[in-house]
Amino acid sequence: INGNYLKYDDKEIVTDYFNSIKSNNGYLCLGTSETTSIKGGGNYYNFLNDDPDLNVKFSVLAGAGRTCAKYVPIFLNHKEDVKYLKVFYYINPVYWREDLINPSKTYWKRYSNYGVIKNVHISDAEKERYFKEVNYSMNNFNSGEKSTFLLDYWLRKFRTSYFQDLWFWVNSDSYIQSNSFVKEIKNDLSIYKSFGKVDYELIDTVSNETRGHSIAETFKPTTQEINYRYDELISFINLCKDLEVDVTYILGPYNGRLIQNHYPEALEGYELTVKNVKKILTENNVSYIDASDNSLKAGTLSDPMHNSSYGAYLIYKKMKNYVYEREN
């Protein structure tokens with residue numbers, strides 16, 4: 001779906017998006033930048049969509065910084081649409097880094113709008129249960145920024161009557177063309193370069209980095225002094241339980257080989273983050289796929305926070321087994 005449709009909650013299109021996934025017995029994959037396209041090969045959802053053994057489809061909403069709190073307002077505005085929706089949510093331990101642990105203005109501006117958040121109507125109990133992190137993020141904006149966002153929101157609503165509603169009514173084909181659909185015909189998985197193998201030409205497996213572009217200096221340690229990411233995850237879990245969204249969580253890896261070679265003192269912090277996330281998932285009795293065991297394997301990552309195509313392949317294998325058992 002076009003990012004602006006979701007950002008401004010163009011309700012009819014967003015409703016159609018969620019319902020199209022449900023009506024086709026599909027899954028929605030939510031994630032951050034690790035769930036976008038991968039240089040040198042496909043990502044896990046590409047492999048799933050092209051796997052001839054699976055008859056279900058996988059849609060994607062992802063982007064850098066698109067953590068779970070970004071979906072809370074949209075899910076609340078579409079309670080019936082997301083009810084029984086099958087979702088995979090990818091948890092990247094890197095977001096517990098000291099430079100990513102707090103909400104970012106840049107990412108909230110990119111994926112959400114204050115007007116949408118302001119117009120979510122929920123009780124005080126619901127606000128306490130799963131809206132605190134959204135409000136905390138919005139408090140980082142000053143009154144001038146909020147006013148600008150509200151003006152932007154209402155201008156969008158006004159323009160929608162003409163540039164969407166009227167235009168789609170006059171030219172119904174343009175509605176179909178404005179949306180993206182998972183393709184009907186599967187590719188042969190062999191089209192993906194080095195499918196199921198480490199691409200040694202691309203990846204330096206000593207530190208799991210892209211060759212010729214060492215970015216070890218961009219690495220940051222995790223911190224346990226701020227609870228925002230843990231609280232964000234718990235709120236999302238609570239929301240999905242209350243709205244009956246069918247979520248399976250994927251706990252992704254961190255780049256353990258990079259840490260061991262350059263920042264061994266930071267390894268304990270990443271291990272603790274993974275341990276704490278597992279504890280949250282277990283205590284809340286939710287389904288999850290543990291891919292954190294890829295952290296120390298050769299060739300599974302390409303930098304401090306992104307999977308290589310081989311790493312995505314290993315995640316795809318876990319997801320395929322999970323989906324196959326569930327759907328058959």
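This structure is a prediction, so every number in the text was calculated from the model and none was measured.
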> Hey, does Arg257 have a side-chain heavy atom less than 4.5 Å from the side chain of Thr300?
no
> Using modelled atom types only, decide if a donor and an acceptor are shared between the side chain of Ser235 and the backbone of Phe131 within a distance under 3.5 Å.
no
> Which of these, Phe149, Tyr114, Trp108, sits in a ring-ring contact (aromatic ring centres under 6.0 Å, His included) with Phe141?
Phe149
> Can you give the donor-acceptor pairs under 3.5 Å from side chains of residues 85-93 to other protein atoms, not counting sequence neighbours?
unit_1	atom_1	unit_2	atom_2	d
Lys86	NZ	Asn25	OD1	2.5
Lys86	NZ	Glu327	OE2	2.9
Tyr89	OH	Cys68	N	3.0
Tyr90	OH	Asn307	ND2	3.0
Asn92	OD1	Val94	N	3.1
Asn92	ND2	Glu34	OE1	3.1
Asn92	ND2	Met305	O	3.2

> Report yes or no: does Asn255 contribute a side-chain atom to a donor-acceptor pair with the main-chain N or O of Asn208 at less than 3.5 Å?
yes
> Is there a side-chain hydrogen bond (donor to acceptor under 3.5 Å, both in side chains) between Tyr288 and Thr248? Walk through the geometry before answering.
CA-CA 5 Å; Tyr288 76 96; Thr248 301; over 6 Å; no
> Parallel under 30°, tilted from 30 to 60°, perpendicular over 60°: which one fits the rings of Phe75 and Tyr71?
tilted
> Do we see a donor-acceptor contact under 3.5 Å between the side chains of Tyr254 and Thr273?
no
> Set out, in order, the CA-CA distance, both residues' side-chain angles and the distance that settles side-chain hydrogen bond (donor to acceptor under 3.5 Å, both in side chains) for Asp16 and Tyr175, then state yes or no.
CA-CA 11 Å; Asp16 283 354; Tyr175 179 78; 2.5 Å; yes
> Please name all residues satisfying side-chain hydrogen bond (donor to acceptor under 3.5 Å, both in side chains) with Thr35, sequence neighbours left out, ordered by chain then number.
Tyr44
> With ring centroids as reference points, do Tyr316 and Phe47 lie under 6.0 angstrom apart?
yes
> For the hydrophobic clusters of this structure (ILVMFWY residues joined by side-chain heavy atoms under 4.5 Å, transitively), does one cluster hold both Tyr111 and Tyr8?
no
> Indicate, with yes or no, if the rings of Tyr270 and Trp96 have centres closer together than 6.0 Å.
no
> Keeping Glu126 on the side-chain end and Ser123 on the backbone end, is there a donor-acceptor pair under 3.5 Å?
yes
> Less than 4.0 Å between a side-chain N and a carboxylate O, is that true for Lys105 and Glu145?
yes
> What do you reckon, is CG of Asn119 surrounded by more than 12 foreign heavy atoms closer than 6.0 Å?
yes
